[in-house]
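For clarity, every value in this text was computed on a predicted model and none was experimentally measured. Throughout, numbering of the chain's residues begins at 1 and tracks the sequence. Any value given below was found using the heavy atoms of this structure, including those in side chains, with hydrogens, waters and symmetry copies removed.
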Amino acid sequence: MLFSSTYQHELFTTQKGSVLQCDLSDKIYLNFKELTFAFKIQDFLAFRRKVQAVNIHEMIFNISDQYDFEILEFPQNQLSLKLTLCDIVQLRELLDGARFALEMYSMLHEVLGDFEVV
């Protein structure tokens, strides 16, 4: 469920998806492959680490069928994704951009205190 745009802030967007932060629910919403997933911030960061842990080099150079895709499971969010190499690269870009935005907003909040992004 997504809330009014007054409570949502876009963290990062690519052609393949977007990541929003909702102040009302304190959740991060990931829109990817026409699906939307809601994460608590700790779960979002754990999911990002799991995506980062996928061995892309092995997927590229191993011709075995088992390396054609990766299944990522995240039981906390009842999430199971079957991702190709391209999907993983695109998802990494999206998650890295969102993490950067979260860190930047956190640093700005530390330095400036309460502020409003226009």
Side-chain angles (χ1 to χ4, degrees):
M1 172 170 82
L2 294 178
F3 298 99
S4 166
S5 62
T6 57
Y7 299 109
Q8 291 179 355
H9 306 283
E10 181 180 289
L11 294 176
F12 193 73
T13 298
T14 66
Q15 291 180 343
K16 299 298 180 179
S18 62
V19 180
L20 306 170
Q21 180 178 10
C22 180
D23 295 336
L24 193 60
S25 65
D26 281 335
K27 291 196 177 188
I28 304 292
Y29 290 90
L30 169 64
N31 301 305
F32 184 72
K33 292 185 74 169
E34 300 179 7
L35 300 170
T36 301
F37 306 100
F39 295 95
K40 295 177 187 173
I41 186 68
Q42 299 87 353
D43 293 339
F44 174 79
L45 295 173
F47 179 70
R48 181 187 166 276
R49 283 190 299 274
K50 203 172 251 198
V51 172
Q52 292 294 333
V54 173
N55 188 343
I56 288 180
H57 186 270
E58 188 73 28
M59 289 182 79
I60 293 170
F61 293 107
N62 194 319
I63 59 172
S64 171
D65 288 344
Q66 74 184 32
Y67 290 97
D68 288 346
F69 60 88
E70 183 77 23
I71 296 177
L72 292 179
E73 295 185 12
F74 205 69
Q76 295 90 324
N77 291 72
Q78 297 148 1
L79 174 63
S80 179
L81 293 173
K82 182 177 179 178
L83 302 170
T84 64
L85 175 63
C86 290
D87 291 337
I88 292 171
V89 170
Q90 293 163 352
L91 185 56
R92 278 186 179 184
E93 177 186 13
L94 192 58
L95 297 174
D96 287 346
R99 181 171 178 255
F100 174 79
L102 286 170
E103 288 179 3
M104 182 183 66
Y105 291 146
S106 177
M107 286 176 29
L108 286 172
H109 183 70
E110 281 181 25
V111 172
L112 302 174
D114 290 334
F115 68 96
E116 184 174 323
V117 177
V118 181

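- Side-chain contact check for Val51 versus Phe47: some heavy-atom pair is nearer than 4.5 Å.
- Follow the hydrophobic side-chain contacts under 4.5 Å out from Leu108 and you reach Val111 in the same cluster.
- Between Val89 and Glu93, every side-chain heavy-atom pair lies at or beyond the 4.5 Å cut-off.
- If you take CG on Leu30 and CG on Leu35, they are separated by 9.0 Å, rounding to the nearest 0.5 Å.
- Taken together through direct or relayed side-chain contacts under 4.5 Å among Ile, Leu, Val, Met, Phe, Trp and Tyr, Ile41 and Phe39 form part of one hydrophobic cluster.
- Val54 has its side chain within reach of Arg92: a pair of non-hydrogen atoms, C-beta onward, lies under 4.5 Å apart.
- For Gln52, the side chain to side chain donor-acceptor pair (under 3.5 Å) criterion is met by Asp96, not counting sequence neighbours.
- A side chain to side chain contact (heavy atoms under 4.5 Å, CB included) with Leu11 holds for exactly one of Tyr105, Phe100, Phe44, Tyr29; it is Tyr105.
- With sequence neighbours excluded, the residues satisfying side chain to side chain donor-acceptor pair (under 3.5 Å) with Thr84 are Asp87.
- The side chain to side chain donor-acceptor pair (under 3.5 Å) test applied to Glu103 returns Arg99, not counting sequence neighbours.
- Sorted by first and then second residue, the salt bridge (Lys or Arg N to Asp or Glu O under 4.0 Å) pairs involving residues 62-76 (not counting sequence neighbours) form an empty list.
- Proximity of Val19 to Ile28: side-chain heavy atoms (C-beta onward) are separated by under 4.5 Å at one or more points.
- The hydrophobic cluster containing Ile71 also includes Phe69, under a criterion of side-chain heavy atoms closer than 4.5 Å among ILVMFWY residues, counted directly or through chains of members.
- Note: Leu94 CG to Thr14 OG1 = 4.5 Å, rounded to the nearest 0.5 Å.
- Residues Lys33 and Leu91 fail the side-chain proximity criterion, which asks for heavy atoms closer than 4.5 Å.
- Taking 4.5 Å as the limit, some side-chain heavy atom of Asp23 sits within range of a side-chain heavy atom of His9.
- How far CD of Gln8 is from CD of Gln21: 10.5 Å, rounded to the nearest 0.5 Å.
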Sequence neighbours excluded and cut-off under 3.5 Å, please list the side-chain donor-acceptor pairs for residues 56-63, or say none.
unit_1: Glu58; atom_1: OE2; unit_2: Asn62; atom_2: ND2; d: 2.8
unit_1: Asn62; atom_1: OD1; unit_2: Ser64; atom_2: N; d: 2.9

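- Put simply, CZ on Phe32 and CG on Leu95 are 8.5 Å apart, with the number rounded to the nearest 0.5 Å.
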